[in-house]
Amino acid sequence: MSAPRPTAVSAARRRTAIDALRRGAVPESGLDLLATGLDRFESALDAELDAVASGASVFKAVRGEYGSGKTFFTRWLGERAKQRNFAVAEIQVSETETPLHKLETVYRRLTERLATASFTPSALRPVVDAWFYALEEDALAAGADEQDLDGEVELLLAARLTEVSRHAPSFATALRGYRSALSDGDEATAAAVLAWLGGQPHVAAAARRSAGVRGDLDHFGALGFLQGLLTVLRDSGHRGLFVVLDEVETLQRVRADARDKALNALRQLIDEVHSGRFPGLYLVITGTPAFFDGQQGVQRLAPLAQRLATDFTTDPRFDNPRAVQLRLPGFTQESLTGLGVTIRDLYASGAAAPDRIKKMADDAYIADLARAVGGSLGGKVGVAPRLFLKKLVGDVLDRIDQFEDFDPRQHYRLTVTSTELTDVERNLAAATSADGIDLEL
């Protein structure tokens with residue numbers, strides 16, 4: 001079930017992954033070290049990423065219950081995109097912070113969360129600066145001298161953004177304003193104009209006047225700005241943009257009018273991706289089965305339901321990874337134990353006494369711990385991975401590593417308190433009366 005892993009793992013990558021699991025979080029990087037059961041998706045998804053890198057565009061929906069690994073999956077896929085020199089952005093859909101029916105807000109969050117292999121969020125400024133550098137290099141290569149450079153760069157800017165300017169002429173205008181402010185040594189105005197280009201509201205009027213732009217970005221302008229951003233990314237050396245809209249199931253809890261607008265915005269986004277307007281874009285949404293199948297979600301808008309329709313009546317083994325919608329079936333006792341063994345081995349590879357780690361936390365113990373954590377959550381193994389890995393790393397492996405006489409079978413009693421649970425986990429735990437579960441082995 002495990003994907004092939006590199007034989008040598010750097011201490012930094014191992015530490016990043018282990019530290020995140022200790023906190024009960026999904027690691028931001030190094031997910032290839034932890035991936036189990038994803039090999040069946042690799043071939044189809046890699047082919048899609050390669051197609052996007054060549055100028056295509058892809059939309060994908062990922063469905064799974066809480067704990068099935070949706071965030072892990074999208075970050076794992078995002079890492080594969082980064083390896084192909086994509087920029088990536090992960091956006092949490094939220095009624096208050098990032099309402100989906102306001103695409104200008106979604107675009108703003110995208111620029112805030114934009115990351116590349118070289119730059120952490122926000123990578124917007126490094127990307128724009130690299131684009132202007134590329135334009136200058138192209139102009140010089142075409143024979144421009146230093147005196148004519150600004151004029152030649154302006155011609156290239158206009159030529160590269162011709163299609164974008166048909167929909168959002170202010171995108172090119174703002175880029176000109178940004179470069180002009182930098183040339184004048186006016187850092188404050190340059191930063192303000194770049195913020196406006198990133199969709200930030202309430203930019204100082206003086207900076208907007210200086211750049212020749214007006215007002216704030218709106219819902220429809222956001223699509224044009226996304227088109228412009230894709231052009232800038234491509235010309236600055238990036239092969240595409242991988243974007244995740246996470247937890248779209250939150251739309252089920254918003255007011256009916258806002259929900260209908262959001263569902264229509266999603267339908268619009270899918271149509272724009274499929275129309276070819278966004279070459280170089282790989283767009284992913286994640287949600288629960290209830291969102292995709294229920295009357296308060298996708299099924300509320302028939303055209304959207306048609307676009308996302310996927311046959312899941314067969315055995316999950318035969319799910320088509322090329323389909324518009326992917327199903328993550330969630331963890332079983334066996335797969336959760338397998339994940340625990342993978343983490344144990346990764347931990348041991350950087351420990352002072354790896355043999356003791358593997359002896360004290362052998363496969364049988366890990367299986368019992370996985371069973372016990374699932375039991376503390378009402379027997380719902382599918383939602384146990386986060387808590388199980390947190391307990392395994394922080395309560396068991398760390399102690400074995402630090403205390404020579406620590407034996408988890410003798411000295412550790414699994415206790416799950418409400419303060420360390422998420423709302424979903426807390427609701428499941430409430431179904432049982434056990435405050436803690438002893439591992440009597």
Side-chain angles (χ1 to χ4, degrees), residues 9-38 62 64-82 88-94 97-98 109 112-115 120-122 242-250 284 286-288 328 330-331 335-336 338-347 350 366 369-370 373-374 376-377 380-399 401 414-429:
V9 179
S10 72
R13 293 185 74 217
R14 182 190 304 109
R15 184 173 57 251
T16 297
I18 294 296
D19 285 351
L21 297 175
R22 185 182 289 117
R23 298 192 308 272
V26 175
E28 293 284 347
S29 61
L31 283 91
D32 57 309
L33 305 175
L34 316 178
T36 60
L38 299 183
V62 178
E65 296 288 2
Y66 175 87
S68 61
K70 296 188 295 296
T71 300
F72 183 98
F73 177 87
T74 54
R75 289 185 182 170
W76 167 80
L77 185 54
E79 280 199 347
R80 300 181 83 82
K82 271 189 182 178
V88 302
E90 179 183 316
I91 304 164
Q92 298 292 321
V93 175
S94 158
E97 298 295 322
T98 315
R109 296 287 179 252
E112 291 171 350
R113 297 293 301 155
L114 189 68
T120 57
S122 167
F242 178 85
V243 178
V244 178
L245 299 179
D246 204 10
E247 299 183 0
V248 292
E249 69 267 12
T250 57
V284 180
T286 74
T288 58
L328 299 182
F331 284 87
S335 61
L336 191 60
L339 177 58
V341 169
T342 297
I343 302 304
R344 191 255 340 260
D345 291 347
L346 178 66
Y347 191 107
I366 289 175
L369 180 64
V373 173
S376 71
L377 296 176
K380 303 290 186 180
V381 175
V383 302
R386 186 196 72 86
L387 186 61
F388 165 64
L389 296 177
K390 183 175 186 289
K391 296 290 187 182
L392 175 63
V393 172
D395 290 354
V396 176
L397 299 180
D398 277 347
R399 286 170 169 157
D401 190 38
L414 173 68
T415 303
V416 177
T417 62
S418 62
T419 55
E420 62 186 328
L421 300 179
T422 64
D423 290 342
V424 174
E425 291 165 347
R426 192 176 296 114
N427 290 337
L428 290 170

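Residues: numbered from 1 along the sequence shown. Values reported hereafter were calculated over all heavy atoms of this structure, with side chains retained and with hydrogens, waters and symmetry mates removed.
- Exactly one of V88, V244, L31 qualifies for a side-chain contact (heavy atoms from CB on, under 4.5 Å) with T74. That residue is V244.
- Taking CZ of R22 as the start and CG of D398 as the end, the distance is 4.0 Å to the nearest 0.5 Å.
- What you find for K390 and G24 is that their closest heavy atoms are CD-CA, 3.9 Å.
- Considering all non-hydrogen atoms of both residues, F72 and V26 come closest at CA-CG1, 3.9 Å.
- Between the K70 side chain and the E65 main chain, a donor and an acceptor come within less than 3.5 Å of each other.
- Salt bridge status for K82 with E79: absent, with no side-chain N to carboxylate O gap under 4.0 Å.
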Inset, instruction - Evaluate the side chain to side chain contact (heavy atoms under 4.5 Å, CB included) criterion for residues D19 and V393: first the C-alpha distance (whole Å), next the side-chain angles of each, then the deciding distance (0.1 Å), finally the verdict. - result: CA-CA 9 Å; D19 285 351; V393 172; over 6 Å; no
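- With contacts defined as side-chain heavy-atom distances shorter than 4.5 Å, the pair S94/T250 does not qualify.
- Under the rule for a side chain to side chain donor-acceptor pair (under 3.5 Å), the partners of R80 that lie at least two apart in sequence or sit in another chain are D46.
- Side-chain contact between I91 and L245: present, with at least one pair of heavy atoms (C-beta onward) separated by less than 4.5 Å.
- Using a cut-off of 4.0 Å between Lys/Arg side-chain N and Asp/Glu carboxylate O, R75 and D246 are scored as not salt-bridged.
- Taking D401 as the reference, Y347, A351, I357 meet the side-chain contact (heavy atoms from CB on, under 4.5 Å) condition, with sequence neighbours excluded.
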Inset, instruction - Let me see the working for L34 and L389 under side chain to side chain contact (heavy atoms under 4.5 Å, CB included), right down to the final yes or no. - result: CA-CA 11 Å; L34 316 178; L389 296 177; over 6 Å; no
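- For the pair L346 and A17, the tightest heavy-atom approach, listed with the atom from each and the gap, is CD2-CB, 4.4 Å.
- Applying the ring pair (Phe, Tyr, Trp, His ring centres under 6.0 Å) criterion to F73, with sequence neighbours excluded, gives F41, W76.
- Looking at T98 and Q92, their side chains never come closer than 4.5 Å, going by heavy atoms from C-beta outward.
- P27 approaches A20 most closely through the heavy-atom pair CA-CB, 3.6 Å.
- For the atom pair R113 CZ and T120 OG1, the distance stands at 9.5 Å (nearest 0.5 Å).
- Of all the heavy atoms in T16 and S29, the pair that sits closest is CG2-OG, 3.6 Å.
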Inset, instruction - Might you work through the side chain to side chain contact (heavy atoms under 4.5 Å, CB included) test for F388 and I366, ending with a clear yes or no? - result: CA-CA 10 Å; F388 165 64; I366 289 175; 3.9 Å; yes
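- Interatomic distance, CD1 of I18 versus CG of L397, reported as 7.5 Å (0.5 Å rounding).
- When all heavy atoms of F242 and G78 are compared, the pair lying nearest together is CE2-CA, 3.5 Å.
- At least one donor-acceptor pair closer than 3.5 Å links the side chain of T286 to the backbone N or O of E247.
- In this structure a side-chain-to-backbone donor-acceptor pair under 3.5 Å is present from R399 to D395.
- Between L33 and T342 there is no side-chain heavy-atom pair separated by less than 4.5 Å.
- Looking at R386 and Y66, their side chains come closer than 4.5 Å, going by heavy atoms from C-beta outward.
- We find the CG-CG distance between L387 and L392 to be 11.0 Å, quoted to the nearest 0.5 Å.
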